[in-house]
Amino acid sequence: MKFSIDHRDSGSSARAGIITTDHGVIPTPVFMPVGTVGSVKGISQTELKEAIDAKIILGNSYHLFLRPGIKILNRAGGHHKFMSWDRPILTDSGGYQVFSLSNNRKVTEEGYIFRSHIDGSKHIFTPESVVDIQRNIGSDITMALDECTPYPCDYDYAQKSMGLTHRWLERGIKHFATTQPIYDHTQSFFPIVQGSVYTDLRKQSAETISSYDQEGNAIGGLSVGEPEELMYEMCDVVTQILPQDKPRYLMGVGTPANILESIALGVDMFDCVMPTRNGRNGMLFTSNGIINIKNEKWKDDFSAIDETGTSGVGKQYSKAYLRHLINAKEMLGAQIASIHNLSFYMCLMNEAREKIANNTFADWKNRMVPKLKTRL
RNA sequence: GGGGAGAUACCAAAGUGGCCAACUGGGGCAGACUGUAACUCUGCUGGCGUACGCCUUCGUAGGUUCGAAUCCUGCUCUCCCCA
């Protein structure tokens, strides 16, 4: 993997660059659609490429480990072949599931022991085993095993948890360095900064993570319920420490406004379930603001979902029609909403890149953010 | 023509003397969702009021009772079975 920065915005810390992987190039800042269990929910690979033009998508080690299982992925020749996706894939290690499936797991020094949410079977993930799993998946970018702390989280726990994440990181890196890719492409390994909402912990974590000099670095444990300002504050602290010449990935973020604010702080990569999940649930992101398409007021609004054409489907279908589909629980409704939202995110990222290249990002961002937050 | 069952809020359907403005679904309305256990979850859904509460409701008209959606009588309507 290679990363080069083409432009730096003069009015903020935003950067525009290119990540080069064996499966293709990824212009940054980039938004990565989430395809947890082997699909970006509701969207075919063809649409993902042609309608949305996703440059890279996510997969999840925990979910793929449970289903279809590592053996199948290995026999398929890796996840790319299995799901017929020839562009880059990034896999999360399963650290987030330690957080979100918290009643079914136990964190120990060795790793985390958990029960499958599918059949209750018992498993253990260690920093080493998640490297092996991601080797078998064959993701272009693999993630370290971390503990994503909840919010609120007291200082003591945050500190201890961060220490564990750092020790896990050291083991993970060692294992990654002493193992080889299974398929014929290279893989990268990203460490993850933790430290909850404590500035000193975040600094310490960012310094520790930076010292390993990996090909990219991630910021985890944010957007877990803390106030937005606190998230930006932590993000700011961390991006000032992480190496300039490596991509920074803010995990799980976020709203369109969150993303623009974070780009301004020097973040290059994002992923979030919001465009797909919230889309399925009737929330649409448009160039004029946020629409809850289920609301009665759209029932006879026959205008396009997004007239400015941030997506093909947004221009093609009317609000009234999409409202009908979603309210009638027709699958197509969820698909249209997901495609539209992802296309909107993609469009926003493309525009952000252009603004960075023109040195007009900061002003543009400040104009866009209130608009993006508007509820229509 | 004879016999039987039933009419409850937008729909379906519980309730069969006081704990009933009325269970539960559905529908409707609104909200939530940030490294996806999520096409999911939460709230509201007679009127007025933030709330304690007050007012009007269980086909309809009367009656019994301290008190009725619940008991009695008339009326109207619906459904089922047999001829």
Side-chain angles (χ1 to χ4, degrees), chain A residues 31-43 56-64 66-67 90-105 114-120 130 134 139 141-151 165 190-194 218-228 231-232 235 249-259 261-262 267 269-285 290 292-299 322-323 325-338 341 345 375:
Chain A
F31 180 79
M32 310 181 280
V34 180
T36 308
V37 204
S39 92
V40 176
K41 291 190 195 296
I43 300 178
I56 170 171
I57 61 172
L58 248 71
N60 184 279
S61 302
Y62 168 92
H63 290 281
L64 293 170
L66 292 178
R67 266 195 314 221
L90 179 151
T91 42
D92 187 23
S93 61
Y96 187 74
Q97 279 62 42
V98 182
F99 159 78
S100 67
L101 301 168
S102 57
N103 24 346
N104 289 325
R105 56 74 174 151
F114 61 92
R115 287 194 177 277
S116 156
H117 70 279
I118 299 163
D119 62 6
V130 298
Q134 292 177 98
S139 40
I141 299 173
T142 68
M143 301 302 301
L145 186 67
D146 66 333
E147 184 185 12
C148 178
T149 49
Y151 179 84
T165 290
F190 284 22
I192 305 169
V193 173
Q194 287 291 341
I219 307 165
L222 290 176
S223 68
V224 289
E226 77 284 3
E228 277 187 355
M231 173 173 90
Y232 298 140
C235 199
Y249 164 30
L250 179 55
M251 305 183 79
V253 172
T255 64
N258 288 162
I259 291 176
E261 294 291 5
S262 305
V267 176
M269 303 166 71
F270 302 88
D271 79 279
C272 191
V273 304
M274 205 173 253
T276 44
R277 180 196 286 167
N278 291 31
R280 286 197 302 281
N281 294 330
M283 186 188 245
L284 300 175
F285 300 97
I290 297 166
N292 183 346
I293 200 68
K294 293 200 272 196
N295 286 177
E296 191 171 25
K297 59 183 159 192
W298 309 114
K299 73 177 173 197
L322 184 56
R323 170 180 142 89
L325 292 179
I326 299 250
N327 281 350
K329 298 182 171 64
E330 281 295 316
M331 285 189 288
L332 183 60
Q335 290 174 3
I336 292 172
S338 300
N341 280 347
Y345 269 62
R375 300 272 176 162

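Proteins get letters first, then strands, A, B, ... in listed order; numbering begins at 1 in each.
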- Task: Could you tell me which nucleotide pairs with B/G59 by Watson-Crick or G-U wobble geometry, both distances under 3.5 Å, or answer none if nothing does?
- Result: B/C75

- Query: Base, sugar-phosphate alone, or nothing: which one does A/Gln335 contact when heavy atoms must sit under 4.0 Å apart?
  - Reply: nothing

- Query: Looking only at side-chain N and O atoms, does A/Thr36 come under 4.0 Å of OP1 or OP2 in B/U36?
  - Reply: yes

- Going by modelled atom types, is there a donor-acceptor pair between the base of B/U36 and the side chain of A/Thr276 at under 3.5 Å? yes

- Task: Flag the pair A/Pro33 / A/Thr276 as yes when at least one side-chain heavy-atom distance between them is below 4.5 Å, and no otherwise.
- Result: no

- Message: I'd like to check A/Met143 versus A/Met251 (side-chain heavy atoms, cut-off strictly below 4.5 Å). Are they in contact?
- Response: yes

- What interatomic distance, in whole Å, is found between C1' of B/U64 and the corresponding atom of B/G74? 15 Å

- Message: Using whole Å, what does the distance between atom P of nucleotide B/A32 and atom CD1 of A/Ile290 come to?
- Response: 9 Å

- Task: Take A/Arg323 and A/Ala334, find for each the nucleotide of RNA chain B with the closest heavy atom, and name the residue whose nucleotide sits nearer the 5' end.
- Result: A/Arg323

- Item | Span that lies between the P atom of B/G28 and that of B/C10, in whole angstrom | 16 Å

- Message: Using only modelled atom types and a 3.5 angstrom limit, is any donor from either the side chain of A/Asp146 or the base of B/G35 paired with an acceptor on the other?
- Response: yes

- Measure from CD1 on A/Ile118 to P on B/U36 and round the result to the nearest Å. 14 Å

- Message: I want to check one thing: is the phosphate of B/U34, taken as OP1 and OP2, less than 4.0 Å away from some side-chain N or O of A/Asn278?
- Response: no

- Query: Counting only Watson-Crick or G-U wobble pairs whose two distances fall under 3.5 Å, which nucleotide matches B/G53?
  - Reply: B/C48

- Task: Could you give the distance separating B/C54 and B/A22 at their P atoms, to the nearest angstrom?
- Result: 13 Å

- Message: Could you tell me the Watson-Crick or G-U partner of B/U70, where both distances fall under 3.5 Å? Say none if there is no partner.
- Response: none

- Message: So A/Ser116, base contact, sugar-phosphate only, or nothing? Heavy-atom distance under 4.0 Å.
- Response: nothing

- Query: Looking at A/Gln97, does any N or O in its side chain come under 4.0 Å of the phosphate oxygens OP1/OP2 on B/G35?
  - Reply: no

- What is the distance, rounded to the nearest whole Å, between atom CG of A/Leu284 and atom C1' of B/C39? 14 Å

- Message: Just to verify, which of A/Ile57, A/Asp271, A/Val40 counts as forming a side-chain contact (heavy atoms from CB on, under 4.5 Å) with A/Met32?
- Response: A/Asp271

- Message: Considering every strand and a 4.0 Å limit on heavy-atom distances, what is the contact class for A/Asn258: base, sugar-phosphate, or nothing?
- Response: base

- Message: From the set B/G31, B/U34, B/C39, return the single nucleotide nearest to any side-chain atom of A/Asn295.
- Response: B/G31

- Check step by step if side chain to side chain donor-acceptor pair (under 3.5 Å) holds for A/Gln194 and A/Thr165. CA-CA 8 Å; A/Gln194 287 291 341; A/Thr165 290; 5.5 Å; no

- Query: Quick one: A/Tyr62 OH to B/A37 P, roughly how many Å, whole number?
  - Reply: 8 Å

- Query: Below 4.0 angstrom from OP1 or OP2 of B/A32, is there any side-chain N or O of A/Arg375?
  - Reply: yes

- Query: Any side-chain N or O of A/Asn327 under 4.0 Å from OP1/OP2 of B/G27?
  - Reply: no

- Sub-6.0 Å ring centroid separation between A/His63 and A/Tyr96: no

- Message: Among B/A37, B/U34, B/G35, which nucleotide has an atom closest to any side-chain atom of A/Cys148?
- Response: B/G35

- Item | Euclidean distance for P, B/C79 against B/U16 (whole angstrom) | 28 Å

- For A/Asn281 and B/A38, is the shortest distance between a side-chain N/O and OP1 or OP2 below 4.0 Å? no

- Query: Out of B/U40, B/U36, B/G35, which has the shortest distance to the side chain of A/Lys329?
  - Reply: B/U40

- Between A/Tyr62 and A/Phe114, is the ring centre distance below 6.0 Å? yes

- A/Val98 versus A/Cys148: any side-chain heavy-atom pair under 4.5 Å? no

- Item | Rounded distance (Å) that lies between atom C1' of B/U40 and atom CE of A/Met274 | 15 Å

- With the side chain of A/Met251 defined as its heavy atoms from C-beta on, choose the nearest nucleotide among B/G35, B/G31, B/A37. B/G35

- Item | Atom-to-atom span, NZ of A/Lys294 to P of B/A32 - whole angstrom | 11 Å

- Message: Checking side-chain contact (heavy atoms from CB on, under 4.5 Å) between A/Ser61 and each of A/Thr142, A/Thr91, A/Leu145, which is the one that passes?
- Response: A/Thr91

- Message: Are the side chains of A/Asn327 and A/Lys294 in contact, using a 4.5 Å heavy-atom criterion?
- Response: yes

- Query: P atom, B/G4 versus B/U73: distance in rounded Å?
  - Reply: 14 Å

- Minimum-distance nucleotide (side-chain atoms of A/Asn292 versus B/C33, B/G35, B/G31): B/G31

- Item | Any A/Arg280 side-chain N or O less than 4.0 Å from OP1/OP2 of B/A38 | no

- Find the distance A/Leu250:CG to B/U34:C1' and express it as a whole number of Å. 10 Å

- Task: Please state how far atom CG in A/Asn60 lies from atom C1' in B/U34, giving the value in whole angstrom units.
- Result: 15 Å

- Task: Report which part of the nucleic acid A/Gly35 touches: base, sugar-phosphate, or nothing (heavy-atom distance under 4.0 Å, all strands).
- Result: nothing

- Write down the distance separating the C1' atoms in B/C58 and B/G46, rounded off to the nearest Å. 12 Å

- Say you pick atom P in B/A61 and the same atom in B/A69; how far apart are they, in whole Å? 14 Å

- Query: Counting only Watson-Crick or G-U wobble pairs whose two distances fall under 3.5 Å, which nucleotide matches B/A13?
  - Reply: none

- Note on the structure: By the Watson-Crick or G-U definition, both distances under 3.5 Å, B/A21 is matched with none

- Check every strand shown and say whether A/Ile192 touches a base, only sugar-phosphate, or nothing at a heavy-atom separation below 4.0 Å. base

- Side chain of A/Asp271 only, please: which of B/A30, B/U40, B/G35 is the nearest? B/G35

- With rounding to whole Å, what would you report as the distance between B/U65 and B/G53 at their P atoms? 30 Å

- Mind checking who B/C41 pairs with, Watson-Crick or G-U wobble, both distances under 3.5 Å? B/G31

